[in-house]
Amino acid sequence: QVQLVESGGGLVQAGGSLRLSCVKTGGRAFSSYVMGWFRQAPGKEREFVAAITWTGGSTNHANSVKGRFTIARDNAKNTVYLQMNSLKPEDTAVYYCAAVDGSRWPYATASEYDYWGQGTQVTVSS
């Protein structure tokens with residue numbers, strides 16, 4: 001059974017940085033999954049942030065985070081990362097790691113993903 005565990009969230013001032021991590025256990029080899037990050041702010045729908053292909057050769061970032069956030073993965077560590085720079089108060093949300101066992105690209109909607117972590121809170125103060 002696939003489990004995803006996020007870490008790295010917290011409180012940061014606007015303009016600051018955080019790096020989120022997500023470790024996968026169980027299921028097939030980590031490199032078999034496209035990995036993604038989503039976020040959900042209070043009263044809003046879950047939205048796509050970024051995704052990365054099986055070997056990390058291609059990435060896809062939402063326009064709202066492009067140039068500020070970077071997704072990366074380390075298949076040897078079964079871990080996907082989200083480096084977040086120049087954070088803004090509107091980035092405040094619960095951030096979720098997700099995995100999909102598929103062969104297409106890209107995957108940019110929540111319904112396409114098979115597995116989810118429990119989420120980690122990111123709060124950006126102004």
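Residues Y113 and V34 have side chains in contact (heavy-atom distance under 4.5 Å, counting atoms from C-beta outward). You'll find the side chain of M84 stays beyond 4.5 Å of the side chain of S17, heavy atoms only. A heavy-atom distance below 4.5 Å is not found between the side chains of T79 and R73. Counting heavy atoms from C-beta on, the side chains of R19 and Y81 come closer than 4.5 Å. In this structure, the side chains of W54 and N75 stay at 4.5 Å or more apart for every pair of heavy atoms. Looking at V80 and I52, their side chains come closer than 4.5 Å, going by heavy atoms from C-beta outward. In this structure the side chain of Y95 never reaches within 4.5 angstrom of the side chain of E6, judged on heavy atoms. For the pair H61/V49, no side-chain contact is recorded, criterion being any heavy-atom separation below 4.5 Å from C-beta on.
Residue Y115 comes nearest to L4 through the heavy atom pair O-CD1, 3.6 Å, listed as atom of the first residue, atom of the second, then distance. When all heavy atoms of A108 and N60 are compared, the pair lying nearest together is CB-ND2, 4.2 Å. Between Y33 and K24, the shortest heavy-atom distance links the atoms CE1-CE, 3.2 Å. Looking at every heavy atom in both residues, D101 comes nearest to R28 through OD1-NH2, 2.6 Å.
Cluster annotation: L20 and V12 are assigned to the same hydrophobic cluster (Ile/Leu/Val/Met/Phe/Trp/Tyr, side-chain heavy-atom contacts under 4.5 Å, transitive). In the hydrophobic cluster analysis, where Ile, Leu, Val, Met, Phe, Trp and Tyr join through side-chain heavy atoms closer than 4.5 angstrom, F38 is grouped apart from I71.
Rounded to the nearest 0.5 Å, atoms CE (M35) and CG (N78) are 9.5 Å apart. One distance of note links CZ of F69 with OG1 of T59; it measures 14.0 Å at 0.5 Å rounding. To the nearest 0.5 Å, the span separating CG on N85 from OG1 on T70 amounts to 6.5 Å. Residue Q13 holds its CD atom at 9.5 Å from OG of S126, rounded to the nearest 0.5 Å. Atoms CD and OH, from Q118 and Y96 in turn, are 9.0 Å apart once rounded to the nearest 0.5 Å. The OG atom of S86 sits 7.0 Å away from the CZ atom of R68 when rounded to the nearest 0.5 Å.
For K77, the NZ atom counts as loosely surrounded, since its 6.0 Å shell holds 12 or fewer non-hydrogen atoms of other residues, nucleotides or ligands.
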*May I have the step-by-step check of side chain to side chain contact (heavy atoms under 4.5 Å, CB included) for V2 and D114, ending in yes or no?*
CA-CA 9 Å; V2 173; D114 300 316; over 6 Å; no
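Between R39 and the options V94, D91, V122, a side chain to side chain contact (heavy atoms under 4.5 Å, CB included) holds for only D91.
Between Q121 and T123, the side chains place a donor N or O and an acceptor N or O closer than 3.5 Å (distance only, hydrogens not considered).
Checked against a 6.0 Å centroid threshold, the rings of W37 and F48 do not count as neighbours.
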